[in-house]
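A quick note: this is a predicted structure, and the numbers were derived from the prediction, not measured.
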Amino acid sequence: MIAGLEDVRSGYDVDCDVVVVGSGPGGAVAAANFAEAGLRTIVVEAGPVVRPEDMTRAAPLFLARYYWEGGLRMVAGDAPGPAMGGRCVGGSSVVNSAIMLKLPQWVREIWSREDGLGPLLDGAELDRAFERVFRACRVAPTPLAVMGRRNEIVQRALSHQRVPNGPLPRAVHGCEGCADCITGCHEGRKQSVDRSHLREPAERGAIDVMTCSHVDRVDLRGGRAVGVSGHVVDPVTWRRGGRFRVRAKRVVLAAGAAHTPVILLRSGISGRGLVGGTLTAHISVGAFAIMDEVVDPWVGATQGWGAISPDIRGLKYEALWAAPSLIGVNWGGVGEPWLRELGDMKHAAVVALVYRANAWGRVRVGLGGGPRLSLRVPTADVHTLMRGLKVAVDGFLGVGARYVSAGMTGVPERFGTPREAEALLDRRIRPRQVKMTFNHLFGSCRISADPRRGPVGLDGGVRGVDGVYVMDGALFPSGSAVNPQATIMALSDVLSRRLAGLAA
Ligand SMILES: Cc1cc2nc3c(=O)[nH]c(=O)nc-3n(C[C@H](O)[C@H](O)[C@H](O)COP(=O)(O)OP(=O)(O)OC[C@H]3O[C@@H](n4cnc5c(N)ncnc54)[C@H](O)[C@@H]3O)c2cc1C
Ligand code: SF4
């Protein structure tokens, strides 16, 4: 059963064997496994169900309803920037580009060496978890038929720079190439976890999903979890409804790297300062090319083509598009110059760079009770990112771009030649000059064999309390170097199957 706002508005008090907080990639996989093991499972989700008819290219409206803080959640620090996150059944898997890549072997080795995760990562169990997840989400390379000119130009630009590239594997079946992933998938082609993991068990009554229900805290008695409590919230008006309580001996937190530590902190669980204290993120920038030819960038899979840098470990390139009302912020300007630039939009191709930087920071509880995020990004990592950006800019120029822009301050607004783009290699560039985004957040409740490095043990349990587990992106000891959703799901699969006593 999926309970909507009208079912929960005045509050409720229910019980079950295990309550899962958050219905994103981590939570959905865990809930499906608990249900498979015959445990009575309730998923509590702050956001609503997004129906295909709710999806709209009017991006600000969509973001206001289905993203945390209307899509404007910010990370403070020396390079302030947005960290978007979905607030709906399915979490960010509903609003992301569905790229699914396995955790690289070299990151597995770092996690095993530094945090003792060998018992989780070294055997065949994690590989089987990836296989299960990929099958359930119907992961396949993006078909060439839906690439469109924009993805093709990115392919040519990467090949020009001799960066090996290819179609990105995504959790999509029958993509129509509408470039609208960030505002949902109107035709229901994206295999977000509401579809791949929650729908079927909810329909047969094995899982109850309580939507529009914001968990405030874990309820504890004598150091043991006895459930969670919170308040109902109308996703459109933000008005508060009644209070609710879900009683369960096992509480699985999967509210995402920003919110899971907030719930723990508000419950008085700080893990000696480690809860929220080791936030990290991939850092991301974009290169915007204006071609002579008409590209019609709104045609083609949102992120259909990409590459892993052969020279810079931990750097990825991905073609990108978003609704014009969102991507337009990168053009800026007013009056006639703005109108001229708007006309250029149909000639645009965009590549995003995602880098596993050593960014470290913290999640605190903000004034309104939500997350307050901050990160420090090392200058040396920004210089490495700039090296990667130079490759992308040169690639676009090499395949005929009229100009390329990176939207940074302190360097020319437009690069017309590779020589001009050498400004990107200036060692005086500082993090705050770069317009970064942080959509891949992790590590705020690290899993580690070493209790001095992470508040979560190798069984996913939070140290110092009984019956509280974490199964989402908050667990990562450091960046995954590739898009994180598949690894979040696979880790959650391993931990939840073990907890539920299911065969690996
Ligand atoms: C625009 C965008 C594009 C991306 N593209 C990709 C991609 O192509 N591939 C990829 O691998 N990754 C991508 N990512 C990242 C990926 O989507 C996230 O890393 C992943 O979804 C995190 O999963 P999670 O389960 O940890 O948390 P989330 O997906 O954030 O899910 C957490 C859920 O918990 C709910 N919740 C939070 N607080 C509470 C509370 N107090 N009470 C109740 N419920 C709560 C939230 O509403 C949400 O539904 C993208 C992210 C964004 C924003
Ligand atoms: S490009 Fe369009 S059809 Fe394809 S997955 Fe994204 S939103 Fe769905």
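At least one side-chain heavy atom of Val163 sits under 4.5 Å from a side-chain heavy atom of Pro310. You'll find the side chain of Leu320 stays beyond 4.5 Å of the side chain of Val351, heavy atoms only. At least one side-chain heavy atom of Glu114 sits under 4.5 Å from a side-chain heavy atom of Arg453. Side chains of Pro167 and Trp305 form a contact here, defined as non-hydrogen atoms less than 4.5 Å apart. Looking at heavy atoms from C-beta onward, Leu375 lies out of side-chain contact with Trp360 at the 4.5 angstrom threshold. A 4.5 Å side-chain heavy-atom check between Leu5 and Thr211 finds every atom pair outside the cut-off. Taking 4.5 Å as the limit, some side-chain heavy atom of Met210 sits within range of a side-chain heavy atom of Ile42. Here the side chains of Pro48 and Val89 are not in contact, with every heavy-atom distance at 4.5 Å or above.
The nearest pair of heavy atoms linking Gly473 to Ala257 is C-CB, 4.3 Å. Across all non-hydrogen atoms, the minimal contact from Ala35 to Thr41 is N-OG1, 3.7 Å. Across Ala486 and Phe134, no two heavy atoms sit closer than the pair CB-CE1, 3.7 Å. Closest approach of Ala3 to Val8, counting heavy atoms only: CB-CG1, 3.9 Å. When all heavy atoms are compared, the tightest approach of Pro169 to Leu101 is CG-CD2, 3.6 Å. Between Leu495 and Gly460 the shortest heavy-atom distance is CD2-N, 3.9 Å.
Glu45 places a side-chain N or O within donor-acceptor distance of the main-chain N or O of Gly47, the cut-off being under 3.5 Å. The backbone N or O of Val29 lies less than 3.5 Å from no partner atom in the side chain of Ser492, so there is not a single donor-acceptor pair. With hydrogens and angles ignored, the 3.5 Å screen pairs no side-chain donor or acceptor of Arg372 with any backbone N or O of Arg364. Panel note: side chain Lys190, backbone Val94; a donor-acceptor pair is recorded below 3.5 Å. Listed for the Arg65 side chain is no donor-acceptor partner under 3.5 Å among the backbone atoms of Val236. The main-chain N or O of Ala255 is found under 3.5 Å from a side-chain atom of Thr260 such that the two form a donor-acceptor pair. Put simply, the side chain of Ser93 never gets that close to the backbone of Gly24: no donor and acceptor are under 3.5 Å apart. Put simply, the side chain of Asp234 gets close to the backbone of Thr237: a donor and an acceptor are under 3.5 Å apart. Although no hydrogens or angles enter the test, the distance criterion places no donor-acceptor pair under 3.5 Å between the side chain of Asp466 and the main chain of Arg224. Asn33 places no side-chain N or O within donor-acceptor distance of the main-chain N or O of Ala30, the cut-off being under 3.5 Å.
For Asp208 and Arg40, the salt-bridge test passes: some basic side-chain N is under 4.0 Å from an acidic carboxylate O. Under the 4.0 Å criterion applied to side-chain N and carboxylate O atoms, Arg132 and Asp493 are assigned as salt-bridge partners. Electrostatic pairing of Arg497 and Glu36 counts as a salt bridge here, judged by a charged N lying under 4.0 Å from a carboxylate O. Between Glu109 and Arg113 there is no salt bridge, since no side-chain N of the basic residue sits under 4.0 Å from a carboxylate O of the acidic one. Looking at Asp78 and Arg376, a side-chain N of the basic residue comes within less than 4.0 Å of a carboxylate O on the acidic one, giving a salt bridge. Remark: Asp127 engages Arg108 in a salt bridge, criterion side-chain N to carboxylate O under 4.0 Å. Using a 4.0 Å cut-off between charged nitrogen and carboxylate oxygen, Asp216 and Arg243 count as a salt-bridge pair. Using a 4.0 Å cut-off between charged nitrogen and carboxylate oxygen, Asp15 and Arg247 do not count as a salt-bridge pair. A salt bridge links Glu6 to Arg9: one of the charged nitrogens lies within less than 4.0 Å of a carboxylate oxygen.
At a cut-off of 3.5 Å, with distance as the only test, no side-chain donor of Arg446 or Ser478 sits close to an acceptor on the other residue. At a cut-off of 3.5 Å, with distance as the only test, no side-chain donor of Ser309 or Asp311 sits close to an acceptor on the other residue. Using modelled atom types, one finds no donor on one side chain facing an acceptor on the other under 3.5 Å when comparing Arg362 with Ser374. A donor atom on one side chain and an acceptor atom on the other are found under 3.5 Å apart for Ser213 and Tyr12. In summary, the side chains of Gln303 and Asn96 do not present any donor paired with an acceptor at a separation below 3.5 Å, with no hydrogens or angles considered. Asp122 and Ser112 share a side-chain donor-acceptor pair at under 3.5 Å.
The aromatic rings of His231 and His214 lie parallel to each other, their planes meeting at an angle below 30°, with 60° marking the opposite boundary. Ring pair Phe476/Phe442 is parallel by interplanar angle, where below 30° counts as parallel and above 60° as perpendicular.
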Run the numbers on Phe62 and Tyr67 for side chain to side chain contact (heavy atoms under 4.5 Å, CB included), then give the verdict.
CA-CA 8 Å; Phe62 184 89; Tyr67 276 71; 3.9 Å; yes
Could you walk me through whether Val19 and Phe34 pass the side chain to side chain contact (heavy atoms under 4.5 Å, CB included) check?
CA-CA 10 Å; Val19 56; Phe34 295 136; over 6 Å; no
Step by step, would you call Ser229 with Arg245 a side-chain hydrogen bond (donor to acceptor under 3.5 Å, both in side chains)?
CA-CA 4 Å; Ser229 52; Arg245 192 160 178 194; 5.9 Å; no
Stepwise side chain to side chain contact (heavy atoms under 4.5 Å, CB included) test for Met84 and Leu63
CA-CA 9 Å; Met84 297 165 87; Leu63 265 62; 3.9 Å; yes
Step by step, would you call Ile447 with Leu120 a side chain to side chain contact (heavy atoms under 4.5 Å, CB included)?
CA-CA 11 Å; Ile447 184 168; Leu120 288 173; 3.6 Å; yes
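A cation-pi arrangement is absent between Arg356 and Trp106 under the rule of less than 6.0 angstrom and at most 45 degrees off the ring axis.
For the atom pair CD (Gln191) and CG (Asp194), the distance works out to 9.5 Å, reported to the nearest 0.5 Å. In this structure, CD in Gln485 is found 5.0 Å from CE in Met100, a value given to the nearest 0.5 Å. Rounded to the nearest 0.5 Å, atoms CG (Leu265) and SG (Cys445) are 7.5 Å apart. Rounding to the nearest 0.5 angstrom, the gap separating the OG1 atom in Thr437 from the CE atom in Met74 is 10.5 Å. Once rounded to the nearest 0.5 Å, the distance linking OG of Ser23 with CD1 of Ile207 reads 10.5 Å. With rounding to the nearest 0.5 angstrom, the CG atom of Leu458 is 8.0 Å from the CZ atom of Arg498.
Sparse packing is recorded around CZ of Arg239, with 12 or fewer heavy atoms of other residues, nucleotides or ligands lying under 6.0 Å away.
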